[in-house]
Amino acid sequence: MAKGKITLSVIKADVGGYVGHSSMHPRLIEQADEKLSGSKEKGLLIDFHVTRCGDDLELIMTHTHGVDNQEIHKLAWNTFTVCTEVAKELKLYGAGQDLLSDAFSGNVKGMGPGVAEMEFEERKSEPIIVFMADKTSPGAWNLPLFRIFADPFNTAGLVIDPTMHIGFKFEVLDVYEHRKIIISCPEEMYELLMFIGAMRRYMIKSVYRGDGEIAAVASTQKLSLIAGKYVGKDDPVVIIRSQAGFPAVGEILEPFTFPHLVEGWMRGSHHGPLMPVPFYEANPSRFDGPPRVIAAGFQLANGKLIGPRDMFDDPSFDEARRKANDIANYMRHHGPFEPHRLGLEDLEYTTMPQLMKKLEPRWEKE
Ligand code: 13P
Ligand code: 13P
Ligand code: MG
Ligand code: MG
């Protein structure tokens with residue numbers, strides 16, 4: 001790791017739902033807390049915070065070992081494993097759902113858990129926000145990340161703060177072709193939008209300020225592409241740095257006043273609105289949704305996580321929640337019809353191939 005830098009790692013997995021896929025049993029949080037406390041005492045971690053969004057267990061950790069560190073990934077993996085034991089004992093739903101392998105091989109990437117990590121020099125004051133979502137997938141961050149870092153109608157700082165006039169660079173993954181590209185804004189805004197508007201294939205992995213300073217990192221793991229079948233959605237997280245040369249806290253939260261349509265919801269197979277909620281309301285129950293997002297705000301102090309503040313616990317997001325419920329009603333009326341239900345190309349990892357096979361002999365030329 002580079003001298004004087006700290007690393008913020010957010011690693012998450014669904015290790016068992018309570019009840020169904022709607023929420024998390026408190027014993028899983030206790031177990032994860034206990035496991036990470038031990039590592040903090042041993043000095044591997046500077047600090048940590050364990051939380052959950054819906055049925056997803058979120059490990060927020062600070063340390064000095066850099067991104068993709070084997071010890072940190074192993075700690076996360078072992079934490080998910082011991083929590084899975086508790087989930088099995090309580091017969092929670094889908095115990096160990098996101099752990100796609102029995103053996104840890106040095107890095108949790110590609111093994112099921114979602115990962116977002118960044119290493120940086122802590123500033124005089126370092127406000128960060130960790131967004132965590134349930135019942136959706138990583139493409140859900142494309143729209144808010146664009147608005148935060150490239151839309152002056154959202155982020156006044158892009159106009160008012162001269163340190164942001166150098167713009168932001170977006171690292172975009174093509175998850176089908178396993179390749180990536182860097183696109184700069186504002187110069188290449190139209191090119192960027194052409195790609196990231198296709199949220200299933202192109203995902204913003206990270207955002208850098210024009211001078212190369214890291215601003216945001218998202219988890220982009222797509223479980224179905226790893227497992228080759230439907231194994232739950234890839235409920236994503238994103239870390240965003242704020243203030244003083246980055247968008248202000250309020251500018252980072254602002255895009256979530258619009259509950260945009262994302263994929264996920266029931267069986268990971270439907271479009272629905274992304275509803276911003278306080279921590280205690282992150283229990284997607286109606287039709288296993290609608291999709292939720294929570295925002296945990298922290299001030300870092302020498303790597304210590306001062307927080308979290310529950311950033312969506314604010315009546316100014318009530319209207320977004322109300323609108324999300326209206327949209328949810330509207331979308332639900334479509335039942336099994338598109339565009340509520342995902343298109344066929346998105347259902348290729350569900351039971352669709354089996355059904356195709358079963359009916360194959362009965363198709364005849366018309
Ligand atoms: P303060 O003057 O309260 O620090 O606010 C500045 C700012 O960035 C508001 O978004
Ligand atoms: P999760 O991905 O949150 O486990 O949800 C899966 C599901 O099928 C919900 O209906
Ligand atoms: Mg689940
Ligand atoms: Mg989930």
Side-chain angles (χ1 to χ4, degrees), residues 10-29 32 50-60 76 80-81 83-84 86-88 90-100 108 111-116 130-141 199-200 218-238 262-277 279 281-294 296 328 331-332 335-336 340-342 346-352:
V10 182
I11 306 185
K12 50 93 24 191
D14 177 345
V15 293
Y18 170 68
V19 171
H21 291 285
S22 66
S23 192
M24 177 162 299
H25 195 281
R27 274 196 53 201
L28 298 191
I29 306 261
V50 176
T51 189
R52 54 107 211 163
C53 180
D55 60 1
D56 289 277
L57 183 60
E58 320 272 355
L59 313 179
I60 302 171
F80 295 139
T81 310
C83 290
T84 297
V86 176
K88 282 183 178 160
L90 302 178
K91 294 183 72 176
L92 299 178
Y93 197 70
Q97 174 180 287
D98 287 355
L99 308 186
L100 301 183
V108 296
M111 301 187 72
V115 184
V130 181
F131 291 93
M132 294 159 270
D134 189 31
K135 305 298 178 272
T136 184
S137 68
W141 304 132
M199 304 172 332
R200 200 173 55 250
S219 65
T220 47
Q221 282 68 28
K222 288 273 268 187
L223 287 187
S224 56
L225 296 178
I226 298 167
K229 62 176 178 19
Y230 179 67
V231 284
K233 267 290 168 184
D234 324 288
D235 305 319
V237 297
V238 61
V262 296
E263 62 171 52
W265 207 345
M266 175 58 74
R267 297 170 188 275
S269 305
H270 294 80
H271 286 116
L274 186 63
M275 183 189 269
V277 289
F279 300 160
E281 286 181 349
N283 310 298
S285 316
R286 180 190 178 181
F287 198 57
D288 287 4
R292 302 297 151 103
V293 56
I294 58 171
M331 295 301 280
R332 280 300 300 125
H340 182 28
R341 198 192 72 180
L342 300 189
D346 305 302
L347 297 179
E348 63 186 312
Y349 291 110
T350 66
T351 47
M352 193 62 197

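These numbers come from a predicted model, not from an experiment. Counting convention: from 1, in listed order, for ligands and their atoms alike.
Counting heavy atoms under 4.0 Å from ligand 2, residue H21 touches it through the side chain alone.
Per residue H21, closest N, O or S atom to the Mg ion (ligand 3): atom name ND1. Of all N, O or S atoms in D235, the one lying closest to the Mg ion (ligand 4) is OD2. Looking at D14 and the Mg ion (ligand 3) together, the shortest N, O or S contact belongs to OD2. For D56, the N, O or S atom with the smallest separation from the Mg ion (ligand 4) is OD2. Restricting D134 to its N/O/S atoms, the shortest distance to the Mg ion (ligand 4) is reached by OD1. For D55, the N, O or S atom with the smallest separation from the Mg ion (ligand 4) is OD1.
By the 4.5 Å heavy-atom criterion applied to side chains, K12 and L59 are not counted as neighbours.
Of the listed residues (V50, I11, D14, T51), just one forms a side chain to side chain contact (heavy atoms under 4.5 Å, CB included) with L57, and that residue is V50. Remark: of the listed residues D55, D56, D235, T84, D56 is the sole one forming a side chain to side chain contact (heavy atoms under 4.5 Å, CB included) with D98.
Numbered from 1 in the order shown, with element, the atoms of ligand 2 that lie under 4.0 Å from a heavy atom of R267 read 7 (C), 8 (O), 9 (C), 10 (O). Those atoms of ligand 2 that come under 4.0 Å of a heavy atom in D55, given as number and element, are 1 (P), 3 (O), 4 (O). Within the listing of ligand 2, atoms 1 (P), 2 (O), 4 (O) sit less than 4.0 angstrom from a heavy atom of Q97. For ligand 2, the atoms lying closer than 4.0 Å to a non-hydrogen atom of M266 are 10 (O).
Under the 30°/60° scheme for interplanar angles, the aromatic rings of F287 and H340 are found to be tilted.
P236 approaches P138 most closely through the heavy-atom pair CB-CA, 3.6 Å.
Compare D14, D234, D288, D134 by their heavy atoms: the one nearest to atom 10 (O) of ligand 2 is in D288.
Under the 4.0 Å criterion applied to side-chain N and carboxylate O atoms, R52 and D134 are not assigned as salt-bridge partners.
Under a 3.5 Å cut-off, the side chain of R292 and the backbone N or O of E281 do form a donor-acceptor pair.
With sequence neighbours excluded, the residues satisfying ring pair (Phe, Tyr, Trp, His ring centres under 6.0 Å) with Y93 are H21.
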